[in-house]
Amino acid sequence: MKIEEFDVVVVGAGLSGLRAGLELSTQWNTAVLSKVYPVRSHSGAAQGGINAALGNLEVGKDDTPKRHAFDTVKGSDYLADQDVVMFMCEEAPKIVVEFESMGAPFSRLDSGLIAQRPFGGAGFPRTCYAGDRTGHALLHTLNEQSIRKGVTFFNEYFLIDLIKVKDQVVGLISLDIAKGELVIFRAPYIVLATGGFGRIYKQSTNALINTGDGNGAAFRAGIPMQDVEFVQFHPTTLYGSNILITEGARGEGGYLFNNKHERFMKKTAPEAIELAPRDIVARAEETEVQEGRGIQDAYVHLDLTHLGAKKIKERLPGIREISMFFAGIDPIEEPIPVQPGQHYSMGGIATKYSGEFGETDLIGLYCLGECSCLSVHGANRLGGNSLLETSVFGRAIGRNLLKKGLPKKVPQKEIEIVENNTIHAVEKLFKEWNNNSGSKPVEIREVMGDIMNKNVGVFRNQKDLEIAYEKLKNLQEKFKNVHVITEDRKFNYGLVRTLELRNMLDLAECTCFAAIWRRESRGAHYRLDFPDRNDNKYLHHTLVYRNKDVLDLKTKPVKLGIFEIKERTY
Amino acid sequence: MVKNQKFLIYRNPGNGNVNYERYEVPLKKGMSVLEALFYIQDHYDSTLAFRYACRGAICGSCGMTVDKVPSLACRVQVSKIKTLKKPSNLPEIKFGDLPSWDQKVEILIEPMPNMKVIKDLIVDMEPFWKFYHEIEPYLENEWSDNTPESQQSPSEMKKIERLVYCILCGLCWACPVNRINSNYLGPAQLAKADRFINDSRISAAQQKSILTRVYKEDAVPACQKYFVCNRVCPKNVMPGTAIKDIRDNWMNEKD
């Protein structure tokens, strides 16, 4: 058995993992583990931009971090932890300027400063962008700096499970995908930055690799999932393939039309119209379709034609390319067919109520980015805040750990015992999967995606959620007898995808369980049977645990005190 | 009634035993080649190996050869392949003995050319990354988070914009030079060098360092101006044009 030893192992090489890895590598023996090459990570698919109150445009001159924080808290339907939001928004201008100093190719204003555009739910044009490929630009920049600084990567390594001694993490077990060997990473600090888990839904903008591997490993190690009932459905995903069409398309002036050629958002959000936050626009679209005003009873139109060829080519070239290749439509000539699709997981690995940023209940285990719940997005994330979260907290958690220093080592003997147990458990699991005679993974995965889409989607109700929960429990049973070849392990993606399914089933179950518990509507969680927000009963974070074979739910207070709680209108 | 699409797929367990296998996949509206490969992996053979991530032509993982054209599998629609206009003047791409292939009916899937096959459609990208690192693809400015940011005019940004869009997929290694010269840095790598030397924010010292590397005989001078890279690039980066820029506008600055 191969064993690698490091001071800290960062899992995931998107923006979160890369930024944390860059910071930690300055002083510690650091490994960054990723199931894909860093530039393949899903951060690269982010399009619209990154928020910071730079005030580079004349109309944005009065913008401040506090106003950014207010918009974020309001957008979150008051479920975000306000102190963490304040920190993120104060760091925002610094982190964007830092990206620029690293060489990020931002679009520019005539003044030579970083260009900014309006985004949903924001009082000012605050979203800094690089065309409509901002994530790609930033991901490549951090990868470039990681090459420059000589960060140690283990690419195409899959995190299977965490290893702990009592309540302290001591390492992890991984699959070297290329060689097909199990490899143990021994480290007193593990930072999970594995991204979202949108693939629990059939229709998602997420990359195929967004399967919640860090979440699954943490959950099996006893860490609860926080606020996972809050799932963002992006209002403009390409009809059919659900590839993201950036909110920037509306930020640049795009309109949404129903089959009567009405700008239906005027009814729902008279002031913000198309630039209302995502949860509100997604529900309005779903309502149009359900009430017979959808096109082909399935989608609405995102119309950019009035923006003209020049603006589309300059500001939205990626959107044009996606529309042409994946839908056969040139947005200069024709409107784009769009529908809501799962986009972002606001919830994730639970963090301590009064701990450091990203600290979990397992000593030495930290998390950040979409896999985590820090919680800066609450019940609904604003566009442009996810890229921001990754880099702000990647840097902050890195700095914080370095300042804190390495913990006291767990005796080698104890580590070796748990490592051996873990190896045996994984080998046993692989052997079972190989010898089982049950379903193929695809039969379980597709049913899971359908259930989540139909019953745990934009609109929810008690009955549908309960049906979904029962079905998901059945799928968990079925999964125990799943069959996949595990003998030939070299580049065995059938095996990798079964490991991913193992994680997704847990997350789907948790999401559904928390959605059943929350009998109110808040942000992205909309209950037809409880259409109002209920602060008296539900202004709490949820924590879902596994208690033997059943799930259990606890609550955690929301950190308030900076902004007063109000009704949320746009 | 569901129509089936026939596929002829290169298989290689990694021991050199090349074997082309035939599969039939029920066609779905809007199905990409990548989706068809997943169908095969899910239903017929879970060990069929290929790389993937975003399925939206932005991550650069799923480069392979589809009907003899280097392509991103996620961006090619199954129903349109046979009527698709192919890039002109592509070099012949061969992977040993191809069995009889009904070109009108079967979609032929092979790995990316000019890279060592590790398993099935997965190639060894290590030389690609090694050469990428060699051109020092980064700015060496000291990081700073003090506002305001350093300035760059829109026209200065425009100079590098096209080059920034490179997704490092490796398809441009279909270049005939890559086939015969395993030391050739490669089109994507040189395009990246062009991106950095043209960045208004680069220091003179680093610019010189990158230029010194790309002047070597296995770099810019090795390019034979086939422009295959320009024709196969899925992101319109035009690496060949970038190499031309270095040759025309920077080589004479060599001291």
Side-chain angles (χ1 to χ4, degrees), chain A residues 36-37 39-42 44-45 54 93-98 100-103 105-114 130-131 133 135-137 140-141 144-145 147-148 178 205 207-209 240-241 243-244 318 321-322 325-327 440-442 445 484-485 488 490-495 497, chain B residues 13-14 29-30 32 38 41-43 45-61 75 77 118-120 122 125 129 132-133 136-154 156-157 160-161 164-168 195-196 199 201-202 235:
Chain A
V36 292
Y37 282 90
V39 292
R40 313 301 188 211
S41 306
H42 188 56
L54 286 170
K94 295 182 216 165
I95 212 80
V96 169
V97 171
E98 186 189 71
E100 196 283 332
S101 76
M102 290 173 169
F106 283 107
S107 297
R108 299 286 177 153
L109 300 169
D110 287 336
S111 62
L113 295 173
I114 294 169
R133 294 159 167 138
H136 172 261
H140 278 244
T141 301
E144 288 156 6
Q145 292 300 315
I147 293 168
R148 173 189 174 195
T205 62
L208 305 173
I209 57 173
S241 61
I243 294 174
L244 177 64
E321 184 199 314
I322 289 168
F325 276 98
F326 293 94
K440 288 176 176 165
V442 61
R445 193 187 313 116
V484 69
I485 295 167
D488 173 11
K490 185 174 144 182
F491 273 116
N492 186 341
Y493 281 108
L495 169 59
R497 292 173 70 217
Chain B
K29 194 168 175 274
S32 66
F38 275 121
Q41 191 183 74
D42 280 338
H43 296 274
D45 184 353
S46 66
T47 69
L48 173 67
F50 52 93
R51 289 195 177 100
Y52 61 90
C54 80
R55 70 80 174 80
I58 190 69
C59 78
S61 300
R75 216 179 64 164
Q77 303 258 311
I118 303 177
K119 185 183 176 189
D120 297 338
I122 292 180
M125 291 280 286
W129 299 121
Y132 174 62
H133 289 203
E136 301 172 12
Y138 39 78
L139 281 195
E140 269 183 337
N141 303 342
E142 207 171 308
W143 301 352
S144 160
D145 63 6
N146 296 325
T147 46
E149 64 274 31
S150 74
Q151 297 185 11
Q152 188 172 46
S153 71
E156 284 168 337
M157 200 278 150
I160 60 169
E161 193 176 26
V164 160
Y165 289 155
C166 173
I167 56 172
L168 301 173
R195 173 251 180 274
F196 281 102
D199 193 316
R201 300 166 294 179
I202 197 171
K235 303 309 266 191

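Below, read A as the first sequence line, B as the second, and so on, with proteins coming before strands; counting in each chain starts at 1. Small disclaimer: the values here were computed from a predicted structure and weren't measured.
Between A:Arg108 and B:Glu156, the closest side-chain pair of non-hydrogen atoms is not below 4.5 Å. A 4.5 Å side-chain heavy-atom check between A:Ile243 and B:Arg55 finds at least one atom pair inside the cut-off. Counting heavy atoms from C-beta on, the side chains of B:Leu168 and A:His140 come closer than 4.5 Å.
Taking CD of A:Glu98 as the reference point, atom CH2 of B:Trp143 lies at 6.0 Å (rounded to 0.5 Å). Rounding to the nearest 0.5 angstrom, the gap separating the CD atom in A:Glu100 from the CD atom in B:Gln151 is 9.5 Å. Considering OG of A:Ser107 and CD of B:Gln152, their distance stands at 10.0 Å, rounded to 0.5 Å. We find the NZ-CG distance between A:Lys94 and B:Asn146 to be 9.5 Å, quoted to the nearest 0.5 Å. In this structure, A:Tyr493 OH and B:Asp120 CG are separated by 11.5 Å, a value rounded to the nearest 0.5 Å. Note that CG of A:Leu244 and SG of B:Cys54 are 11.5 Å apart. Values are rounded to the nearest 0.5 Å.
For chain A, the nearby parts of B:Ile167 are the backbone and the side chain; heavy atoms of each come within less than 4.5 Å. Contacts of A:Pro105 with chain B are made by both backbone and side-chain atoms, with heavy-atom separations under 4.5 Å. If you measure heavy-atom distances from A:Ser111 to chain B, the contacts under 4.5 Å come from the backbone alone. Contact annotation for A:Tyr37: only side-chain heavy atoms (C-beta onward) come within less than 4.5 Å of a heavy atom of chain B. Proximity to chain A (any heavy atom under 4.5 Å) is restricted, for B:Ile122, to the side chain, taken from C-beta onward. Only the side chain of A:Val484 comes within less than 4.5 Å of a heavy atom in chain B; its backbone stays farther off.
Using a 4.0 Å cut-off between a side-chain N of Lys or Arg and a carboxylate O of Asp or Glu, A:Glu321 and B:Arg75 qualify as a salt bridge.
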inquiry  = What verdict does the side-chain contact (heavy atoms from CB on, under 4.5 Å) test give for B:Arg51 and A:Arg40, after you've listed the backbone C-alpha separation in whole Å, the side-chain angles of each residue and the deciding distance to 0.1 Å?
reply    = CA-CA 10 Å; B:Arg51 289 195 177 100; A:Arg40 313 301 188 211; over 6 Å; no

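When B:Ser144, B:Pro13, B:Ser153, B:Ala57 are compared by the number of non-hydrogen pairs under 4.5 Å with chain A, B:Ser144 comes out ahead. No other option in A:Leu495, A:Leu54, A:Asp110, A:Thr141 has as many heavy-atom pairs under 4.5 Å with chain B as A:Asp110. When each of B:Ala49, B:Pro148, B:Pro137 is checked for heavy-atom pairs under 4.5 Å with chain A, B:Pro137 comes out on top. Between chain B and the residues A:Leu109, A:Ile147, A:Ile209, A:Ile322, the most heavy-atom pairs under 4.5 angstrom are made by A:Ile147. Counting heavy-atom pairs under 4.5 Å between each of A:Gly135, A:Gly44, A:Gly112 and chain B puts A:Gly112 at the top.
Contact between A:Asn492 and B:Ser46 at its shortest, heavy atoms only, is OD1-O, 3.8 Å. Nearest approach of A:Gln145 to B:Tyr138, heavy atoms of both residues: NE2-CB, 4.0 Å. Nearest heavy atoms, A:Ile114 versus B:Glu149: N-OE2, 2.9 Å. Minimum interatomic distance between A:Leu208 and B:Phe38 (heavy atoms only, all atoms of both residues): CD1-CE1, 3.3 Å.
Although no hydrogens or angles enter the test, the distance criterion places a donor-acceptor pair under 3.5 Å between the side chain of A:His136 and the main chain of B:Cys166. Judged by distance alone, the side chain of A:Arg133 and the main-chain N or O of B:Tyr165 form no donor-acceptor pair under 3.5 Å. Side chain of B:Glu136 to backbone of A:Arg148: no donor-acceptor contact under 3.5 angstrom is found. At distances below 3.5 Å, at least one donor-acceptor pair connects side-chain atoms of A:Lys440 with backbone N or O atoms of B:His43. Checking side-chain atoms of B:Arg201 against main-chain N and O of A:Gly103 turns up a donor-acceptor pair under 3.5 Å.
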